[in-house]
Amino acid sequence: MNQLIRCKNCDEIFMKTPLDQYPEYEFDFNRPFEVFRSIEEDDYQDFLTHHQGHQLENLEIIEDSFVSQKAYSEPVKTSFFKATNGKEKFVIKKFREKIDEPLKYLLIPGDYSLKCTAIEIQSEEISKQLKRELKPPLSQDKIDAFLKLCHTVAEVIDIKELERIPEESHHPLEIYYKIDDIHLVYLLRNCRNIFKGQEYSAMEEFIHRHKDDGVLLLRATYKIQLAEIAKPAKKTIPTSFALKKDKIAAKK
Ligand SMILES: [Zn+2]
């Protein structure tokens, strides 16, 4: 188990990672094992020396709280996860600025949440698949009309109501969702205005082929929203007091 230690006096943290559980993507295979171990041990000793006489406590990492700003495979990135001492919650920022730098951990009092910033259709992929699969081919006008219709669905849909398809994404802040049944019905009904006869049947089949794991999945982009709370020691002036001060200033 990783051990996350916080110095209560300085609000600094140290992550003690047992080497046998070192996540693969963070492991540098060019470095001999022993070198790695001694660096780690030295760092821990440094931390203990630096915070001698201070109050240390263990923090528990909150499961499934990990979020990252870049792709999983990216070595230089900033990630966040949550930890608790049982009473307070903390955000830990994990980052490195250069590929050859060790990972750094920073404690931020506060919380974070994910905010959906965009819901998009996979226009290019839909277009490509339509051209590949539909025989006889659709006219460009009809492809555009279908894309516009899908776009309308993406605009009105509530992402919270949708089923998430986790395995589609290679980026932690991009999540794919299945269009729900109500909106599928809407899509099909409006397709009747664009496509007739055989063409409509082909489109109906296309929609059913691609709705669960294909090009009709909606792509939602998220942003990490960090809400820092001011430390009690550095309390800002209460609003009422600040207002009074303003009034006095205005009277002068
Ligand atoms: Zn300390």
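Counting starts at 1 for both ligands and their atoms, following the listed order.
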query = With respect to the Zn ion (ligand 1), what is the nearest N, O or S atom of H54?
reply = ND1
message = Please determine whether a side-chain nitrogen of the Lys or Arg among E101 and R96 lies less than 4.0 Å from a carboxylate oxygen of the Asp or Glu.
response = no
query = Do we get K16 above Y44's six-membered ring, with its NZ or CZ under 6.0 Å from the centre and within 45° of the axis?
reply = yes
inquiry  = Nearest N/O/S atom of H51 with respect to the Zn ion (ligand 1), by atom name, please.
reply    = ND1
message = Tell me if the aromatic rings of Y200 and F195 count as close, with their centers under 6.0 Å from one another.
response = no
key: H50 near the Zn ion (ligand 1) via N/O/S, less than 2.8 Å   = no
message = Looking at Q140, I want to see if its CD is surrounded by more than 12 non-hydrogen atoms of other residues, nucleotides or ligands under 6.0 Å.
response = yes
